[in-house]
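In this chain, numbering begins with 1 at the start of the sequence shown. The basis for the numbers below is simple: all heavy atoms, side chains too, and nothing from hydrogens, waters or symmetry mates.
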Amino acid sequence: ATLFHHMGLKMEWEPKQVQRKGTVLIWGGATALSLATLQLLQKVNAFERVIVVASKKHEAKLKEYGVDELFDYHDADVIDQIKAKYTDLVWLLDCVSTPDTLNQLYQCATTDHKSTVFNYMGLTIDAIKPELRKENVTIDDTLIYSCLGFDVTLGDDWVVPADPKYRQSVIEFVQFASDK
C-alpha cells in the first residue's frame with residue numbers, strides 16, 4: 001500500500017515506461033518487508049534505480065530482486081557513502097523502522113527538493129534529532145491496522161485510528177495483486 005497509496009504509483013504490471021525518474025532508497029534491504037517491496041517495485045517498473053542498505057552478505061540475493069546497488073550498514077561511513085553518490089533521494093523507505101534507522105535514513109534525503117522518509121512503526125518527526133531536521137523532508141508512516149475499518153488500541157493508550165482512504169487503497173491493491 002505504501003507504493004500506491006502514499007507514493008501514488010500506478011497499479012500496472014510491467015509497464016514499458018518507468019513510473020518515476022530517479023532512485024528510491026530502502027534501509028533494511030534484506031527484511032521481509034523490503035523483499036516484498038522490492039518485488040513490487042520491479043513488477044510495476046517504479047523507479048529508474050533501487051538502492052538498499054543491508055549487510056553485504058545479502059548482495060547477490062538482493063540483486064536478484066532488482067537492487068542496483070547495496071550499501072553495507074556495517075560501514076561506519078555508510079551515510080556519507082550514500083550522500084556522496086546520491087544527492088537526489090526524494091523517496092526513502094525505512095523497512096527496519098527504529099528511531100536509530102529512521103535518523104540514519106533521514107540524513108540521506110536530499111536537501112534540494114521535497115523529500116519523504118517513510119517508516120512502518122508510526123514514528124514521527126519527533127523521532128528525528130533536532131540538529132538533523134530539514135525543512136524539505138517529511139516523515140510519513142503507516143501501520144497496517146489503519147486499514148481494518150475500526151480504531152485499534154495498542155497497549156494502554158496508543159490508538160491507531162481507522163483510515164477509510166487507506167482501507168480502500170489496500171482493498172484495491174489486494175484485488176490488483178490477486179488478478180495476477
Side-chain angles (χ1 to χ4, degrees), residues 1-113 115-123 127-128 132 137 139-144 170 173-174 176-180:
T2 302
L3 303 180
F4 308 106
H5 180 76
H6 294 275
M7 296 173 106
L9 295 172
K10 290 183 257 174
M11 290 187 207
E12 180 182 345
W13 291 121
E14 300 175 342
K16 288 183 178 19
Q17 299 295 319
V18 68
Q19 291 197 45
R20 296 272 171 91
K21 301 288 183 198
T23 304
V24 63
L25 170 59
I26 300 175
W27 199 283
T31 64
L33 177 58
S34 175
L35 295 177
T37 301
L38 289 168
Q39 291 175 73
L40 277 173
L41 287 169
Q42 193 170 35
K43 287 301 241 179
V44 301
N45 199 8
F47 288 89
E48 290 177 312
R49 282 174 308 287
V50 177
I51 62 173
V52 299
V53 175
S55 174
K56 200 69 149 173
K57 69 182 180 183
H58 299 295
E59 187 166 26
K61 177 54 85 180
L62 291 170
K63 295 272 183 167
E64 291 176 23
Y65 278 76
V67 169
D68 295 295
E69 188 168 5
L70 180 142
F71 292 88
D72 195 325
Y73 71 89
H74 294 105
D75 292 345
D77 66 340
V78 65
I79 294 166
D80 293 332
Q81 289 177 40
I82 295 166
K83 288 170 61 174
K85 189 160 185 182
Y86 296 95
T87 60
D88 62 343
L89 295 172
V90 298
W91 286 105
L92 304 94
L93 308 177
D94 186 355
C95 289
V96 178
S97 297
T98 67
D100 285 341
T101 59
L102 190 66
N103 275 272
Q104 291 169 310
L105 184 62
Y106 188 93
Q107 293 176 67
C108 299
T110 184
T111 56
D112 298 331
H113 306 286
S115 183
T116 302
V117 177
F118 203 85
N119 77 91
Y120 299 89
M121 289 301 294
L123 299 171
I128 303 300
L132 298 178
V137 181
I139 300 290
D140 201 354
D141 69 280
T142 190
L143 291 170
I144 196 65
V170 170
F173 169 72
V174 169
F176 166 72
S178 297
D179 289 342
K180 302 303 169 207

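- In this structure, CG in Leu40 is found 11.5 Å from CG in Leu35, a value given to the nearest 0.5 Å.
- Residue Lys43 holds its NZ atom at 14.0 Å from CG of Leu38, rounded to the nearest 0.5 Å.
- Residue pairs that meet the side chain to side chain donor-acceptor pair (under 3.5 Å) test with at least one member in residues 85-95, sequence neighbours left out, are Glu69-Lys85, Glu69-Tyr86, Asp94-Thr101.
- Closest approach of Gln107 and Leu132 over heavy atoms only: NE2-CD1, 3.8 Å.
- The closest side-chain heavy-atom distance from Leu9 to Arg20 is below 4.5 Å.
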List the steps, then state whether side chain to side chain contact (heavy atoms under 4.5 Å, CB included) holds for Val24 with Leu41. CA-CA 10 Å; Val24 63; Leu41 287 169; 4.1 Å; yes

Show the atom names and distances, to 0.1 Å, of all donor-acceptor pairs under 3.5 Å that link a side chain in residues 26-34 to residues at least two apart or in another chain.
residue : atom : partner : partner atom : Å
Thr31   : OG1  : Gly28   : O            : 2.9
Thr31   : OG1  : Ser34   : N            : 3.1
Ser34   : OG   : Gly29   : O            : 2.9

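- A pairwise comparison of heavy atoms in Glu48 and Asp68 identifies O-OD2, 4.0 Å as the closest pair.
- Val50 and Gly66 get closest at one heavy-atom pair: CB-O, 4.1 Å.
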Evaluate Ile128 against Leu102 for side chain to side chain contact (heavy atoms under 4.5 Å, CB included), listing each step before the verdict. CA-CA 7 Å; Ile128 303 300; Leu102 190 66; 3.8 Å; yes

Please report the C-alpha distance between Thr116 and Val137 in whole Å, then the side-chain angles of each, then the deciding distance to 0.1 Å, and finally whether the side chain to side chain contact (heavy atoms under 4.5 Å, CB included) criterion is met. CA-CA 6 Å; Thr116 302; Val137 181; over 6 Å; no

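- With sequence neighbours excluded, no residue forms a salt bridge (charged side-chain N to carboxylate O under 4.0 Å, His left out) with Lys63.
- Residues forming a side-chain contact (heavy atoms from CB on, under 4.5 Å) with Lys56 (at least two apart in sequence, or on another chain): Glu59, Leu70, Asp72.
- The two atoms that bring Ala54 and Leu62 nearest to each other are CB-CD1, 3.9 Å, heavy atoms only.
- Going from atom CG of Asp141 over to atom CD1 of Ile139 covers 9.0 Å, rounded to the nearest 0.5 Å.
- Gln81 approaches Asp75 most closely through the heavy-atom pair NE2-OD2, 3.2 Å.
- Note that SG of Cys108 and OH of Tyr106 are 12.0 Å apart. Values are rounded to the nearest 0.5 Å.
- In this structure, Phe71 CZ and Asp80 CG are separated by 11.5 Å, a value rounded to the nearest 0.5 Å.
- Residues satisfying the side-chain contact (heavy atoms from CB on, under 4.5 Å) criterion with Met121, sequence neighbours excluded, are Ser97, Asn119, Leu123.
- Shown here are the salt bridge (charged side-chain N to carboxylate O under 4.0 Å, His left out) partners of Lys10, two or more places apart in sequence or in another chain: there are none.
- Rounding to the nearest 0.5 Å gives a distance of 8.0 Å between CD1 of Ile82 and CG of Leu89.
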What's the verdict on side chain to side chain contact (heavy atoms under 4.5 Å, CB included) for Phe118 and Thr142, showing C-alpha distance, side-chain angles and the deciding distance? CA-CA 8 Å; Phe118 203 85; Thr142 190; 3.7 Å; yes

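- A donor and an acceptor atom, one from each side chain of Gln19 and Asn45, are nowhere located under 3.5 Å apart.
- In terms of heavy atoms, Thr23 sits closest to Phe47 at C-CD2, 4.2 Å.
- At a threshold of 4.5 Å between non-hydrogen side-chain atoms, the residues Ile51 and Val67 do not count as touching.
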